[in-house]
Amino acid sequence: MGLLALVCSYNLEGKKNNSLSDAERKRKADYIYLESQSKSGLEDIGSAFNLLRRTYDLDSTDISVGKELGFNMILIALHDPSRIDSTLLDRGFEMMKKSFENNFDDYYSSKLYASVCQRLGKEEESLKVWAILDSIYPFKPEIAVNHAEMLLLKGDTLSVKQAIEIYDRLETAQGKNLLLVNQKIHAYMMRLDTLAVVSELKKLTEDSPGSSTNQIFSGDIYMALNLRDSALYHYDRAVELDSTNGLAYHRLAEYYQAIGDSAAYDREVFNALSQGNLEISDKLELMRSYVQNLYTDTLQRPRIEKLFTIMTELHPIEPQLRQLYSIYLAIIGEYQQSAEQTEIAVGLNPSELSDWSRLISLYLQLSEYDKAIDAGQNSLHYFPEDVSLHMLTATAFQLTDSLNEALLLIDKALEIADPYDREILSEIQTTKGDVFYKMNMSDSAFVYYDLALKNNPMNLMAMNNCAYFLACENRELDRAYELSNKVITEEPENATYLDTFAWVLFKQKKFEEAKNYIDKTLELEEKHSAELFEHAGDIYFMNLLPAKAIDFWEKAFELDPTNKLLERKIKEKTYLTQ
């Protein structure tokens, strides 16, 4: 900012001190320039720029100073264009251009100018500079390559032809190499000259017949051209030349996947993954693709399991492999095994937030709440400011009725949450309302549900829970109906929300309507709870269906045998409230 302020107050035209002779101005300019370089070395950028400007004021004939000052002006203008006079960029460019035109054989300064032209979108000027440099230094590969790239960027037929000629010149001097061949092929493809591409590939493989890398490269180009038979030939040839080349097997696997040969694809995947020289990142990419292609088919799961077994034996301490395995196991519903793999992953790399979140969630899914609490508390040592981990751990405490501990974590989450993220705040406040209700602090619970809905009026969970607990307390039933009705309008197939609506209707003594909704809930809900069966029993009883009501109560009692009220309902064969 200090440098920007200096520039903003700087008269770009400069002022000469006319009381000094030319020789005196030059000596003084030299001295001030040295001072500017000293300040620059000390990283006092503002002072360095100011001294450089004074140098140029004293001697604007010094081309190198003009170039340096112009470059600094451009850097500043690009850094924050909104704070700088619009002429600064143009003036800086003109100063660099003047320096180049007066000293174009200055190799490093001219390269810098060419790069600046490219950065500013002045492609024609940049091309002109690279062409001049290429004519002066024809055997500098970096210059020639930049010249060719700018020609290709121009894109017309003549420019592409000239770029190819530059690549041919470099090839004559250096011999064939993949980088140059790749650039030439790119140029030929711009001309849609497939025959020339094929010719280049033949020359490449003939020039280095023992290179499996060049064979793979040729196969890749043939695949891009949709010449699959030629691609297969070169991939097979790469394997023949180097049977340990994991990348060759990888490409073969991709080839067979592309043509739909699942057996060959399977074979080459296993070949690729068993190679020690294939990078683990490539192996993981191949495994992800393999698993994604097969996991939906239950008959293919033994193949996937075999693959993970082989890989974990080859790479037992690779956390990303364990992470991938755990995700796969979770997707197919093997939560216990998924948790085991995630445990290994966090042990190998505890700095991965997603693994901790998944581990806690898996333990919650498995109802192993003590393990969820342990994992949550461990995760907070590594991520003490993460809201989601606080809330997951709070949920685990809540499910073990450790409500004070849950409340502490929820309050911490509120403290560290983004105060402008109203959705997150709303979710946290909803959970706090749930905990307060469980602590028999219903008034406080409803205060937090109201806060949650103020932050996010479409928080369905807050609306549902508030409506349900209002119904349970037989209070504000009209509001409970309004909230619950809004929820099921948004999610008409959500069994939890339908159960709440049925219960609200029951409390309003709309028994027949309540029955319609509880029936739909029973149909949609895959895992019936004791609470759901008890609601169904109560609703059916009030619809004059006592036999079916008792049947539901008995099912509820099987799931919750300590419920004394249920036991009395069954024994007395009637609806009771206490």
Side-chain angles (χ1 to χ4, degrees), residues 212-213 216-217 219-221 223-224 226 228 231-232 235 238-239 242 244-363 365 379 388:
S212 63
T213 299
I216 293 169
F217 173 82
D220 291 347
I221 299 299
M223 280 297 285
N226 205 31
R228 291 181 173 178
L232 178 59
Y235 291 146
V239 171
D242 183 1
T244 66
N245 190 327
L247 185 59
Y249 292 110
H250 188 174
R251 290 294 193 269
L252 276 170
E254 292 178 331
Y255 168 83
Y256 285 118
Q257 182 185 15
I259 67 170
D261 188 339
S262 58
Y265 168 64
D266 197 58
R267 180 188 70 237
E268 299 306 336
V269 166
F270 279 83
N271 283 335
L273 296 176
S274 63
Q275 303 305 314
N277 67 342
L278 184 62
E279 293 289 336
I280 187 64
S281 58
D282 291 327
K283 288 186 176 183
L284 289 170
E285 179 188 344
L286 185 55
M287 286 186 70
R288 287 189 190 97
S289 174
Y290 185 83
V291 171
Q292 286 170 1
N293 286 330
L294 299 179
Y295 82 92
T296 55
D297 185 350
T298 55
L299 296 176
Q300 306 301 327
R301 288 178 185 174
R303 294 165 62 191
I304 297 175
E305 287 292 334
K306 180 183 176 183
L307 179 62
F308 276 114
T309 299
I310 291 171
M311 285 297 292
T312 51
E313 288 174 356
L314 284 171
H315 304 279
I317 59 171
E318 175 51 54
Q320 285 186 301
L321 174 60
R322 302 291 181 164
Q323 181 187 74
L324 179 61
Y325 195 9
S326 73
I327 292 170
Y328 162 71
L329 290 166
I331 288 171
I332 65 171
E334 296 290 344
Y335 302 120
Q336 190 65 58
Q337 293 180 52
S338 179
E340 291 169 5
Q341 291 300 320
T342 311
E343 274 187 351
I344 297 171
V346 297
L348 292 169
N349 180 23
S351 63
E352 185 62 53
L353 174 62
S354 62
D355 287 341
W356 284 111
S357 296
R358 186 167 54 260
L359 183 59
I360 302 167
S361 299
L362 285 165
Y363 283 139
Q365 178 75 27
S379 73
S388 64

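Values below: every heavy atom of this structure, side chains too, minus hydrogens, waters and symmetry copies.
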Is the backbone of Val346 close enough, under 3.5 Å, to the side chain of Trp356 for a donor and an acceptor to pair up by distance?
-> no
So, Ser338 side chain and Ser326 main chain: donor-acceptor pair closer than 3.5 Å or not?
-> yes
Using the salt bridge (Lys or Arg N to Asp or Glu O under 4.0 Å) rule, collect all pairs that involve residues 246-258, keeping only residues at least two apart or in two chains.
->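 For residues 246-258: Asp220-Arg251, Arg251-Glu254.
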Looking at side-chain heavy atoms only, is the closest gap between [X] and [Y] below 4.5 Å?
X: Leu247; Y: Glu279; answer: no
X: Leu321; Y: Met287; answer: yes
X: Arg267; Y: Leu252; answer: no

To the closest 0.5 Å, what do you measure between [atom1] ([X]) and [atom2] ([Y])?
X: Glu352; Y: Ser357; atom1: CD; atom2: OG; result: 9.5 Å
X: Leu353; Y: Ser388; atom1: CG; atom2: OG; result: 5.5 Å
X: Ile310; Y: Lys306; atom1: CD1; atom2: NZ; result: 5.5 Å
X: Leu324; Y: Glu318; atom1: CG; atom2: CD; result: 10.5 Å

Test side-chain contact (heavy atoms from CB on, under 4.5 Å) on Gln341 and Ile327 and set out the steps.
-> CA-CA 9 Å; Gln341 291 300 320; Ile327 292 170; over 6 Å; no
Gln320 atom CD, over 12 foreign heavy atoms within 6.0 Å |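 Incorrect, the count does not exceed 12.
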Heavy-atom count around Ile317 CD1 within 6.0 Å, excluding the residue itself: above 12?
->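 No, not enclosed.
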Provide the closest heavy-atom pair for [X] versus [Y] in the form atom of the first, atom of the second, distance.
X: Asn245; Y: Ile216; result: ND2-CD1, 3.7 Å
X: Pro316; Y: Glu313; result: CD-O, 3.7 Å
X: Tyr256; Y: Tyr265; result: CB-N, 3.6 Å
X: Ala238; Y: Ala248; result: CB-CB, 3.9 Å
X: Asp355; Y: Thr342; result: O-CG2, 3.3 Å
X: Tyr249; Y: Glu268; result: CD2-OE1, 3.3 Å

How would you list all residue pairs meeting side-chain hydrogen bond (donor to acceptor under 3.5 Å, both in side chains) that involve residues 327-337, not counting sequence neighbours?
-> Glu334-Gln337
So Phe308 and Tyr325, would you call those rings parallel, tilted or perpendicular, with 30° and 60° as cut-offs?
->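 Aromatic pair Phe308/Tyr325 classed parallel.
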Sequence neighbours left out, what passes side chain to side chain donor-acceptor pair (under 3.5 Å) with Glu340? Give chain and number order.
->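 Applying side chain to side chain donor-acceptor pair (under 3.5 Å) to Glu340 gives none.
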